[in-house]
*Asks:* 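One structure, pasted below without further comment.
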2 protein chains.
Amino acid sequence: MVTIADVARHAGVSSSTVSYVLSGKRAISEETRRRVRSSVQALGYHPNAGARALAAKRSHIIALMVPLRTDVYVPVMMEIAISVTTAARQHGFDVLLITSDEGPGGVRRIAASGLADGVVLMDVELDDERIPVLRAQGTQAALIGLADDARGLSCVDHDFAAAGALCADHLADLGHREIAFIGYGSGVYHRHAGYAERTLAGFRDRAGQRGLRFLHRTCEGTYESTAGTLARVLADRPGTTGFVVQNEGAIGPLLSLLRSGGRTVPEDASVVALCQDQLAEQFAPRLTAVTGSAQDLGRVAVDQIMRRLAAVHDGGRPADERVLLTPVLTVRDSTGPAPH
Amino acid sequence: MVTIADVARHAGVSSSTVSYVLSGKRAISEETRRRVRSSVQALGYHPNAGARALAAKRSHIIALMVPLRTDVYVPVMMEIAISVTTAARQHGFDVLLITSDEGPGGVRRIAASGLADGVVLMDVELDDERIPVLRAQGTQAALIGLADDARGLSCVDHDFAAAGALCADHLADLGHREIAFIGYGSGVYHRHAGYAERTLAGFRDRAGQRGLRFLHRTCEGTYESTAGTLARVLADRPGTTGFVVQNEGAIGPLLSLLRSGGRTVPEDASVVALCQDQLAEQFAPRLTAVTGSAQDLGRVAVDQIMRRLAAVHDGGRPADERVLLTPVLTVRDSTGPAPH
DNA sequence: TCGAAGTGTCGAAGCGCTTAAACAGATGTC
DNA sequence: GACATCTGTTTAAGCGCTTCGACACTTCGA
């Protein structure tokens with residue numbers, strides 16, 4: 001194993017000089033810097049992470065707590081996890097993966113052991129019990145999702161209310177008057193998952209403003225469940241011409257069912273999906289969709305933590321940021337003017 | 001911050017005694033152990049991870065390198081990542097997430113800095129350039145996937161050849177004679193991805209033994225691509241009655257297309273999917289599928305690393321294990337006797 | 001010309017833990 | 001009763017790094 005002392009000897013300087021060259025925290029002459037750098041290269045030196053963390057009281061690791069529950073579309077979770085990792089690396093940080101089944105105790109463990117300098121929490125509930133722990137430990141954190149009380153931490157999320165409103169506007173602009181909103185399974189609403197409630201609220205408000213009649217129905221995302229939901233919608237409101245789908249699993253079945261029921265998309269019925277563009281492109285017809293970037297979510301969360309850490313490092317009090325990312329509507333082939 | 005010295009003072013013992021109580025590496029009297037434990041509780045002590053890693057030369061972290069590429073079904077990757085994390089925690093280890101875009105350099109960085117005690121590599125190519133690095137660094141590793149030369153490391157994977165054979169056997173048993181194998185996009189085969197090639201080879205061999213005629217066609221997993229693939233299959237072999245689908249994205253479109261083409265499943269055509277049970281259950285009809293547990297994959301990989309670390313710790317040479325998990329065929333509603 | 005200020009490097013303390021070796025006291029052996 | 005043995009605990013030496021203060025030397029202003 002190559003240590004900083006080996007590098008120092010090789011370069012003919014003291015080990016503190018090597019440290020300062022590497023951290024840039026003190027002025028070092030051009031000549032010395034060059035010699036040290038080439039010794040580092042020659043010996044293949046990588047600072048020992050434990051020693052560094054111990055001496056500097058910073059691990060250069062952030063923890064990412066991912067939900068075990070999979071009612072949220074899994075590829076999106078993965079995309080967030082990967083973007084958090086990539087963004088963290090750009091700041092010289094690594095990412096520790098922990099699962100939400102560890103609960104508040106997991107957060108305490110990570111923070112108290114100094115394993116991580118900061119924590120990113122996914123799938124945050126409105127009244128999340130991990131938040132008081134974070135505050136008590138003085139751990140820097142960023143939430144992906146909105147909490148009721150986010151004092152002492154930063155958060156970022158999609159603006160789901162705006163996404164819902166975009167759907168309502170688009171269908172209203174096309175002349176649709178009766179809309180069905182196919183949502184997540186009822187469990188998601190009972191849990192008061194923010195993304196589900198806020199989307200629905202945003203849609204509802206805008207639909208009201210635009211004079212739309214609409215129905216909200218839950219749906220589990222299987223073929224059977226979608227068939228049942230669609231049948232009830234058409235029984236209750238035969239005049240429905242617009243569909244908004246938030247549950248990714250229901251999209252394929254819905255398209256199949258509309259087709260086999262004799263309704264052509266977009267001539268007889270328009271469908272707007274709330275899902276990733278990548279997914280929207282896979283169907284026939286390609287779907288008009290409202291999207292927010294999962295990558296941005298991860299990147300912003302990491303940036304927030306980095307700003308908090310920098311503030312603490314400089315002896316200040318970190319600012320509690322609250323960022324909502326604006327969703328985008330991409331018109332494709334699944335929406336068109338309402339039939340007469 | 002609570003240190004081991006605080007606990008020692010509180011319990012009226014020396015800090016080494018506290019350390020021995022916690023690690024169990026020396027005999028400690030019942031009485032002392034109780035006092036120390038309750039002091040740990042009372043003060044909320046968590047050992048500092050950096051100090052521990054530095055002194056013990058073990059970080060109690062394993063790194064998990066996940067692919068950025070998403071041609072493999074993402075939820076499966078996520079399931080593996082989560083099962084690795086869960087299994088690691090049961091051994092008192094945490095998981096560091098790194099992305100494969102860091103390449104061999106990432107592996108070197110993690111190993112040389114002592115950040116992780118072991119590495120789990122996903123999406124391994126037959127001739128993977130990270131493997132020599134692992135060997136050179138003497139890092140303990142487990143691969144998920146098979147490499148050409150796995151000396152010095154352990155590996156685990158699904159027995160994809162057996163999975164392919166199961167599909168052929170099932171369709172042959174039902175009397176089908178002409179089968180189409182709908183695979184991944186051509187890029188996957190050009191890359192010589194092990195899972196794709198081995199499944200196909202296993203299917204091909206067994207199909208040969210059972211006297212089946214078959215066609216292998218690549219498919220990108222979009223609706224258009226599946227439509228094109230199916231059209232070509234039916235043009236080349238109008239008598240095809242059995243379908244094996246390995247590309248998750250092609251399943252939904254294939255079912256839709258068969259239905260709209262007037263072929264009822266399973267009366268006119270049988271479909272066997274190579275995918276997770278959860279996914280197979282979502283379609284109508286529910287799909288007969290060949291599955292391997294992604295959870296087991298992660299768990300076994302972690303167990304392999306733990307055994308390797310234990311062997312090194314005991315001064316021995318770790319055994320290079322090679323485990324293939326047996327796939328399971330679950331018959332559901334998408335396969336039936338071949339039509340006359 | 002002298003002291004002050006600035007620049008570049010080093011020495012050494014210390015971060016919180018593990019662990020080998022030393023030690024104290026109880027127990028057993030002849 | 002002298003000695004070895006065992007059990008339970010302490011002492012102290014690091015692990016490899018960061019960082020504070022000291023120091024040597026140069027440059028600058030008065």
Side-chain angles (χ1 to χ4, degrees), chain A residues 1-37 39-40 43-61 92 109 111-117 309 313-315, chain B residues 1-37 39-40 43-61 92 109 111-115 117 313-315:
Chain A
M1 181 190 197
V2 185
T3 71
I4 199 172
D6 298 327
V7 176
R9 207 170 309 122
H10 188 271
V13 297
S14 75
S15 58
S16 55
T17 301
V18 175
S19 177
Y20 286 126
V21 167
L22 262 30
S23 70
K25 292 192 179 175
R26 282 216 179 162
I28 298 287
S29 71
E30 180 54 36
E31 155 67 7
T32 305
R33 228 182 310 156
R34 245 202 32 255
R35 274 218 320 288
V36 169
R37 289 245 170 79
S39 297
V40 165
L43 302 180
Y45 169 69
H46 286 265
N48 179 281
R52 193 149 84 114
L54 177 58
K57 300 182 182 319
R58 292 189 118 206
S59 65
H60 288 269
I61 289 179
R109 181 175 72 81
S113 67
L115 229 187
D117 298 329
L309 289 176
H313 189 76
D314 299 347
Chain B
M1 181 191 197
V2 185
T3 72
I4 199 172
D6 298 328
V7 176
R9 206 170 309 123
H10 188 271
V13 296
S14 75
S15 59
S16 58
T17 300
V18 176
S19 177
Y20 286 126
V21 168
L22 261 30
S23 71
K25 293 193 179 176
R26 286 228 174 152
I28 298 286
S29 71
E30 180 55 36
E31 156 66 9
T32 307
R33 227 179 312 152
R34 244 203 31 257
R35 275 220 318 287
V36 169
R37 290 245 170 78
S39 297
V40 166
L43 302 180
Y45 169 69
H46 287 264
N48 179 279
R52 194 149 83 115
L54 177 58
K57 300 186 182 316
R58 290 188 119 210
S59 65
H60 288 267
I61 290 179
R109 180 174 72 81
S113 67
L115 228 187
D117 298 329
H313 189 77
D314 299 347

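Quick caveat: nothing in here was measured; it's all calculated off a predicted structure. Only heavy atoms go into these numbers, but all of them, side chains included; no hydrogens, no water, no symmetry mates.
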*Asks:* Are V40(B) and L22(B) side-chain neighbours, meaning at least one heavy-atom pair lies under 4.5 Å?
*Replies:*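 Of all side-chain heavy-atom pairs linking L22(B) with V40(B), at least one is under 4.5 Å.
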
*Asks:* Taking only heavy atoms on the protein side, list every residue of residues 46-61 of chain B lying under 4.0 Å from any atom of DNA chain D, sorted numerically.
*Replies:*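 Output list: L54(B), A55(B), K57(B).
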
*Asks:* Give the intermediate values and the outcome of salt bridge (charged side-chain N to carboxylate O under 4.0 Å, His left out) for residues R34(B) and E30(B).
*Replies:* CA-CA 6 Å; R34(B) 244 203 31 257; E30(B) 180 55 36; 5.8 Å; no

*Asks:* For D6(A) versus M1(A), what's the shortest heavy-atom pair and its separation?
*Replies:*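 Closest approach of D6(A) to M1(A): OD2-O, 3.6 Å.
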
*Asks:* Search all heavy atoms of V2(B) against all heavy atoms of G44(B) and return the closest pair with its distance.
*Replies:*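 Closest heavy-atom pair between V2(B) and G44(B): CG2-O, 4.5 Å.
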
*Asks:* Toward the 5' end of DNA chain D, which comes first, V18(A) or T17(B), by nearest nucleotide?
*Replies:*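 Upstream on the strand: T17(B).
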
*Asks:* With no hydrogens and no angle check, is any side-chain donor or acceptor of R33(A) less than 3.5 Å from a backbone partner on I28(A)?
*Replies:*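 It does hold such a pair.
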
*Asks:* In the structure I gave you, are the side-chain heavy atoms of L115(B) and I61(A) within less than 4.5 Å of one another anywhere?
*Replies:*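 Counting from C-beta outward, L115(B) and I61(A) do come under 4.5 Å.
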
*Asks:* Could you tell me whether S16(A) contacts a base, only the sugar-phosphate backbone, or nothing, with contacts defined as non-hydrogen atoms closer than 4.0 Å?
*Replies:*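 The answer is base, as S16(A) lies within the cut-off (heavy atoms under 4.0 Å) of a base atom.
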
*Asks:* Quickly work out the M1(B) CE to dG14(C) C1' distance and round it to whole Å.
*Replies:*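 Distance check: M1(B) CE to dG14(C) C1' gives 14 Å.
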
*Asks:* Roughly how far apart are S29(B) OG and R35(B) CZ, rounded to 0.5 Å?
*Replies:*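 Between S29(B) OG and R35(B) CZ, I get 7.5 Å after rounding to 0.5 Å.
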
*Asks:* Provide the start and end nucleotides, 5' to 3', of the part of DNA chain D that has atoms under 4.0 Å from heavy atoms of chain B.
*Replies:*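 Endpoints of the contacted stretch of DNA chain D: dG8(D) to dG16(D).
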
*Asks:* Base, sugar-phosphate or nothing for T3(A)? Non-hydrogen atoms, less than 4.0 Å.
*Replies:*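 Sugar-phosphate only.
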
*Asks:* Restricting to non-hydrogen atoms, name the atom on Y45(A) and the atom on T3(A) that form the minimum distance, rounded to 0.1 Å.
*Replies:*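 Minimum heavy-atom separation between Y45(A) and T3(A): CE1-C, 3.6 Å.
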
*Asks:* For the residue pair P47(B) and R52(B), what are the closest heavy atoms and their distance?
*Replies:*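 That closest heavy-atom pairing would be CB-CD, 4.2 Å.
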
*Asks:* Which of residues 20-36 of chain A sit near DNA chain C, with a heavy atom under 4.0 Å from it?
*Replies:*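 Listed by number, they are Y20(A), R26(A), A27(A), I28(A), S29(A), T32(A).
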
*Asks:* Looking only at non-hydrogen atoms, find the nearest pair between A51(B) and N48(B) and report the distance.
*Replies:*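 Answer, listing the atom of A51(B) first, then N48(B): N-OD1, 2.8 Å.
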
